[in-house]
Undergrad: 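Pasting a structure here, questions to come.
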There are 2 protein chains.
Amino acid sequence: MVSSDQGGEHTGGEIPAVVGGLRMTKQRRAVYQILLDDRDHPTATDVFRRVEKTMPSTSLATVYNCLEALVEHGLVNQVNFDREPSRFCSNLKEHVHFHDESTGVIHDISFKKGAKLEDLLSLPKGTTVKDLELTLRGVLPKKK
Amino acid sequence: MVSSDQGGEHTGGEIPAVVGGLRMTKQRRAVYQILLDDRDHPTATDVFRRVEKTMPSTSLATVYNCLEALVEHGLVNQVNFDREPSRFCSNLKEHVHFHDESTGVIHDISFKKGAKLEDLLSLPKGTTVKDLELTLRGVLPKKK
DNA sequence: AGCCCTAATTAGAACTATTCTAAATTGGGA
DNA sequence: TCCCAATTTAGAATAGTTCTAATTAGGGCT
């Protein structure tokens, strides 16, 4: 079966020729694969350094192009922490980010099921929320 | 009474000589006053253009310096929307930002009283949240 | 398979927001 | 008033990202 993926994200195995409407070039596939494999929220430069290892001819501009294409097609999320370089992640489940100050690690935190934003915030009724970005900063308990 | 403000923010009238531990220079006072008066979340450049009107000798670097000092002393909040220039606001009540796509206006939204973040998110117990930033994007209902 | 044509890639320049540097100025305290 | 540290200033420098223009690649025809 030569799959060609009818829209939506890619979930496992080899990345097909088209994912979520985006044609997978060599470079896009490499970038996407890195984000699928490495869940450490790399920056564009991080991704570039990793792509370089297997495809040394790749340029940073291409990495930016690929990331932009992946984001536009909803395969990848772009995450911004204040003025720091953008980070990218392929976790498409709705989640927020917890930046652990003691380790520097960024953790994905999911919403409790059934939890609604309107329970927390005084939004005028009739408000449409298209998108939200929530970032926490603090420290996680030491694991023992 | 020559007030000298024992820590904490400034709330109304003339800005005293020291606010929240920060000595008010001419430039800092001008910047702070703009943020107290104009609640439209201006960028550093916006603030610069407004300061210029009454103090044409002011430099952009100074505006950045003043904003940094105000932020460090907790008199002003720095707000970041993805890759856009930082915005500044003097609303110190804990609140989140709603970016109205149809008007471009940024609204402050406050938390419902009693609402707790832990009700919404699956945080490992023992987690310390030092800071959070929540931005919504969408459209508010047209006022009629 | 070969040709065509658009899309993608590339290197480097350009851009934007911000920070840094070093010199000039200010202003409070002795 | 004088001194000294803090502040301001202009401009250079930086970092991340986007743009430009030329090259390359690859899918869809014949």
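The structure displayed is predicted, hence computed values, not measured ones.
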Undergrad: Send over the distance from B:Asn80 CG to D:dT17 P, rounded to a whole Å.
TA: 13 Å
Undergrad: Go through residues 32-50 of chain B and report each residue with a non-hydrogen atom lying under 4.0 Å from DNA chain D, sorted by number.
TA: none
Undergrad: Using the side-chain contact (heavy atoms from CB on, under 4.5 Å) criterion, which residues pair with B:Thr54? Sequence neighbours excluded.
TA: none
Undergrad: Could you tell me how far apart A:Tyr64 (OH) and D:dT18 (P) are, to the nearest whole angstrom?
TA: 7 Å
Undergrad: Any non-hydrogen side-chain atom of A:Asn91 less than 4.5 Å from a side-chain atom of A:Arg39?
TA: yes
Undergrad: Quickly work out the A:Phe81 CZ to D:dG16 P distance and round it to whole Å.
TA: 15 Å
Undergrad: Do any N or O atoms from the side chain of A:Ser110 and from the backbone of A:His95 form a donor-acceptor pair under 3.5 angstrom?
TA: no
Undergrad: The criterion is side-chain contact (heavy atoms from CB on, under 4.5 Å); which residues satisfy it with A:Leu22, sequence neighbours excluded?
TA: A:Met24, A:Arg28, A:Ala69, A:Leu70, A:His73, A:Leu75
Undergrad: Counting C-beta onward and ignoring hydrogens, is there a side-chain heavy-atom pair between B:Pro124 and A:Leu140 closer than 4.5 Å?
TA: yes
Undergrad: For nucleotides 4-13 of chain C, read 5' to 3', which letter fits each nucleotide if B means a protein heavy atom sits under 4.0 Å from the base, S means only the sugar-phosphate is that close, and - means neither?
TA: ---SSBBBB-
Undergrad: Tell me every residue that passes side-chain contact (heavy atoms from CB on, under 4.5 Å) with B:Lys26, counting only those two or more places apart in sequence or in another chain.
TA: B:Met55
Undergrad: How many whole angstroms separate atom CG of B:Asp82 from atom P of D:dT17?
TA: 12 Å
Undergrad: Assess whether side-chain hydrogen bond (donor to acceptor under 3.5 Å, both in side chains) is satisfied between A:Asp82 and B:Asn80, documenting all intermediate values.
TA: CA-CA 5 Å; A:Asp82 29 69; B:Asn80 299 296; 4.8 Å; no
Undergrad: Between B:Asp38 and B:Arg50 (salt bridge meaning N to carboxylate O under 4.0 Å), is one present in this structure?
TA: yes
Undergrad: Using whole Å, what does the distance between atom C1' of nucleotide D:dA6 and atom NE2 of B:His73 come to?
TA: 12 Å
Undergrad: By salt bridge (Lys or Arg N to Asp or Glu O under 4.0 Å), which residues pair with A:Arg87, not counting sequence neighbours?
TA: none
Undergrad: Could you state the CG-P distance from B:Leu67 to D:dT7, rounded to the nearest angstrom?
TA: 15 Å
Undergrad: To the nearest angstrom, how far is B:Met24 atom CE from C:dG27 atom C1'?
TA: 16 Å
Undergrad: Using atom CZ of B:Arg83 as one end and atom P of D:dT17 as the other, report the distance to the nearest whole Å.
TA: 5 Å
